[in-house]
Amino acid sequence: MTSFRRWFLATLAASAVKAESVQKPGLQLPPGAAVYQAAVKTFLSRATRLTRSTPGGMMICCLFQKHTLMDGTDGAFHCRRYEYHVDYGAHAVNHTANTDFNIAHTPDTVSLFETTIRYVGGFIMLVEKAQDLADQMAFAWVGNQSIPYGYIDFTNQQPTIATSNIAEAGTLSLEWNRLSKYTGNSTYQTLAEQSVQHMIQMSTPLPGMPAQGIDPKTGNAVGGYVTWGGGSDSYFEYLIKYARLTNTDDNSYADAWLTAVDTSMKTLLRTSTVDNWLYLADYDDNKNIRHVGSHLACFYGGNWILGGKLTNNDTMVLLGLQLTDACWNTYASTADGNYTGDTATQDQLDFYYKHGFYITGADYFLRPEVLESNLYAWRATG
C-alpha cells in the first residue's frame, strides 16, 4: 500500500468518528414541488382500478420502489398518506400474509439476489414471511463455501451450479442483518457477512475492487473485469451502507469502500471530451480502460455523496455531485437516459458531439439509480 493511500485511509477513518449529517439542515421542498406531488396523486388515483385486475391486487405504488408487489409492502404505508379508494398498504400485506413461501410457486429457479432485495427487504415488517424465504435461499450456500450460488430451485432446495458475480453474492448484508436482528437467529447475518468478507479479502485486479465474476465453488475471481456497473454495482453500494446501518466496530466494510473510491479516483475517473461530464470508466480483462457507463452505474453519484458526508470528505461529495450531474444529463438529453459505447456510428458520433455521450442500449426498465442519486444530491445541497 502506498504512503498516500495509507494517509488517505487513515485520515478518512479518523474523520468518520464524527460523521457529518447527510442532509442539509433546514432542508425545504422547492417551490415547484407541489406540482409534482399533484401529478403523482393523479397517477395513483388513475391507477386504482388497475389494482383490481392484477394478480393478488398488485400495489401500483410499488412501481416507485421496484417492480413487484412484495418489495413494496413496507413502502406501501407511505402511499397511504393519500386518500384513495384502495388501501394499498393493507392490500399488499394481506396478499403477502396469505402466501406460503415454504413451497415453490414457480417451475423456474429463484434468484437469491433479486429475492433478497425485493422480497426479504420488503417483508421485514412481516418477519416470519421473510424468514420463510431466507430459509429456502440459505441452500444457495453449499458445504463450507463462503460464496452462495445465484439461483435456487425451491422444489428441491438445490442451487444452480454456475458462476456468479460480486453484486449477486455481495448484496445481501443489509437485509439479512436486519432479519437476524428481528428473528434473533444470527445465521442469516453470518451467511451474508461471510460472502462479503471473502470478497473484501480476495485478490483484486485493482486495489479494493474485486473482479465482476466469481466462482462460488472455488471462491476465485472469474476474469478481471472491474466496473461500478451491473454485476458489481451494489457490492460497492452496500459496503458503506452496511457500515452505517450497523455502526459496526469492524472497519473492514468502510475501509474496503474507501479503498475502492480511492482507486476509482486515481484510475477510473474520466471526463467526456464534450462538455466535461464526469464518469467512472470500466477496466477490462486486458487491463484497458473502457469509456462506458450505464443506468445501473448511476447509483455511484449518490453513493459517493453519502459516503463523503459520512467520512467528512468534501472532495468525495463534490465528485459525487458531478457524477450525478453527468447521469442526469443522459435524462435531459434523451428519452430514456441510457448511454455508453466503444465503436460509434456516424449518428452516434453526431449525438456525442452535441451531448457528450452516445447510446448503445436504449432499453429502460424503470430503474431508479439516476433519480436516487438526484435525491442524495438534493438532500446534501438543498
Side-chain angles (χ1 to χ4, degrees), residues 1-9 147 150 162-171 195-240 252 255-274 276-301 303-304 307 315-316 319-320 322-323 326-327 338-344 348-349 352 356-358 360-361:
M1 181 181 289
T2 65
S3 58
F4 173 81
R5 182 168 286 111
R6 279 195 294 268
W7 170 85
F8 179 80
L9 294 177
I147 303 298
T163 57
S164 187
N165 59 64
I166 62 172
E168 290 187 355
T171 310
S195 301
V196 179
Q197 285 297 325
H198 179 93
M199 288 180 276
I200 287 174
Q201 296 166 22
M202 67 191 300
S203 297
T204 59
L206 294 173
M209 305 195 75
Q212 182 181 56
I214 191 167
D215 185 346
K217 184 176 181 179
T218 64
N220 296 331
V222 177
Y225 198 94
V226 173
T227 178
W228 282 78
S232 299
D233 47 2
S234 45
Y235 163 75
F236 297 114
E237 175 191 1
Y238 270 39
L239 287 173
I240 192 65
S252 63
D255 287 349
W257 185 83
L258 289 167
T259 303
V261 172
D262 179 36
T263 294
S264 298
M265 288 180 182
K266 296 173 180 177
T267 307
L268 303 181
L269 208 58
R270 294 290 191 275
T271 54
S272 65
T273 56
V274 175
N276 293 317
W277 296 111
L278 194 69
Y279 65 95
L280 291 177
D282 288 0
Y283 182 86
D284 70 17
D285 293 318
N286 297 316
K287 301 182 180 182
N288 296 318
I289 292 294
R290 297 194 62 205
H291 299 276
V292 298
S294 67
H295 196 294
L296 285 173
C298 278
F299 85 95
Y300 52 41
N303 195 239
W304 285 32
T315 298
M316 198 180 296
L319 291 173
Q322 291 177 295
L323 290 168
C327 284
N338 274 283
Y339 63 100
T340 73
D342 295 289
T343 303
Q348 288 172 324
L349 287 174
Y352 176 82
F357 69 97
Y358 65 86
T360 60

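Residue numbers run from 1 in the order of the sequence given.
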Worksheet item: Between Gln197 (side chain) and Ser252 (backbone), is there a donor-acceptor pair under 3.5 Å?
Response: no

Worksheet, complete the sentence: Partner of Met209 under side-chain contact (heavy atoms from CB on, under 4.5 Å), picked from Ile166, Val226, Thr267, is Val226

Discussion item. The test is side-chain contact (heavy atoms from CB on, under 4.5 Å); show your working for Ile214 and Glu168 and say whether it passes.
Written reply: CA-CA 10 Å; Ile214 191 167; Glu168 290 187 355; over 6 Å; no

Discussion item. I need the minimum non-hydrogen distance between Ala211 and Gly224, along with the two atoms involved.
Written reply: CB-CA, 3.8 Å

Practice prompt. Search all heavy atoms of Gly229 against all heavy atoms of Ala297 and return the closest pair with its distance.
Written response: CA-CB, 3.8 Å

Worksheet item: For the atom pair CG (Asp284) and CD (Gln212), what is the distance rounded to the nearest 0.5 Å?
Response: 11.5 Å

Practice prompt. Give a yes or no on whether the backbone of Tyr225 and the side-chain of Asp285 come within a donor-acceptor separation of less than 3.5 Å.
Written response: yes

Practice prompt. Tell me, with the steps shown, if Ile289 and Asp282 meet side-chain contact (heavy atoms from CB on, under 4.5 Å).
Written response: CA-CA 6 Å; Ile289 292 294; Asp282 288 0; over 6 Å; no

Worksheet item: Can you find a side-chain donor-acceptor pair between Tyr283 and Asn288 that sits under 3.5 Å?
Response: no

Worksheet entry | Rounded distance (nearest 0.5 Å) linking atom CG of Leu280 with atom CG of Leu268 | 6.0 Å

Worksheet, complete the sentence: Tightest non-hydrogen contact, residues Leu278 and Thr271, listed as CD1-CG2, 3.5 Å

Worksheet entry | Test side-chain contact (heavy atoms from CB on, under 4.5 Å) applied to Tyr235 and Ile200, step by step | CA-CA 10 Å; Tyr235 163 75; Ile200 287 174; 3.6 Å; yes

Worksheet item: Any donor and acceptor pair, going by atom type alone, linking the side chain of Ser232 with main-chain N or O of Trp228 inside 3.5 Å?
Response: no

Worksheet item: Say you draw a straight line from CH2 of Trp257 to CG of Leu239; how long is it, rounded to the nearest 0.5 Å?
Response: 9.5 Å

Worksheet item: Which heavy-atom pair separates Pro210 from Met202 by the least distance, and what is that distance?
Response: CB-SD, 4.3 Å

Worksheet entry | From CA spacing to verdict: side-chain contact (heavy atoms from CB on, under 4.5 Å), Leu258, Met316 | CA-CA 10 Å; Leu258 289 167; Met316 198 180 296; 4.1 Å; yes

Practice prompt. Any chance you could measure Tyr238, atom OH, to Asn303, atom CG, to the nearest 0.5 Å?
Written response: 11.5 Å

Practice prompt. Rounded to the nearest 0.5 Å, what's the gap from NZ on Lys217 to OG1 on Thr163? Could you check?
Written response: 13.0 Å

Practice prompt. Check whether any side-chain N or O of His198 sits under 3.5 Å from a backbone N or O of Gly219 as a donor-acceptor pair, and report yes or no.
Written response: yes

Response to the item:
Heavy-atom closest pair (Phe236 atom, Gly208 atom, distance to 0.1 Å) is CE2-O, 3.8 Å

Item to complete: Provide the closest heavy-atom pair for Ala326 versus Trp277 in the form atom of the first, atom of the second, distance.
Response: CA-CE3, 3.6 Å

Discussion item. Nearest 0.5 angstrom please: Phe299 CZ to Leu323 CG, how far?
Written reply: 10.5 Å

Item to complete: Examine the side chains of Glu237 and Thr171 and answer whether a donor and an acceptor come within less than 3.5 Å of each other.
Response: no

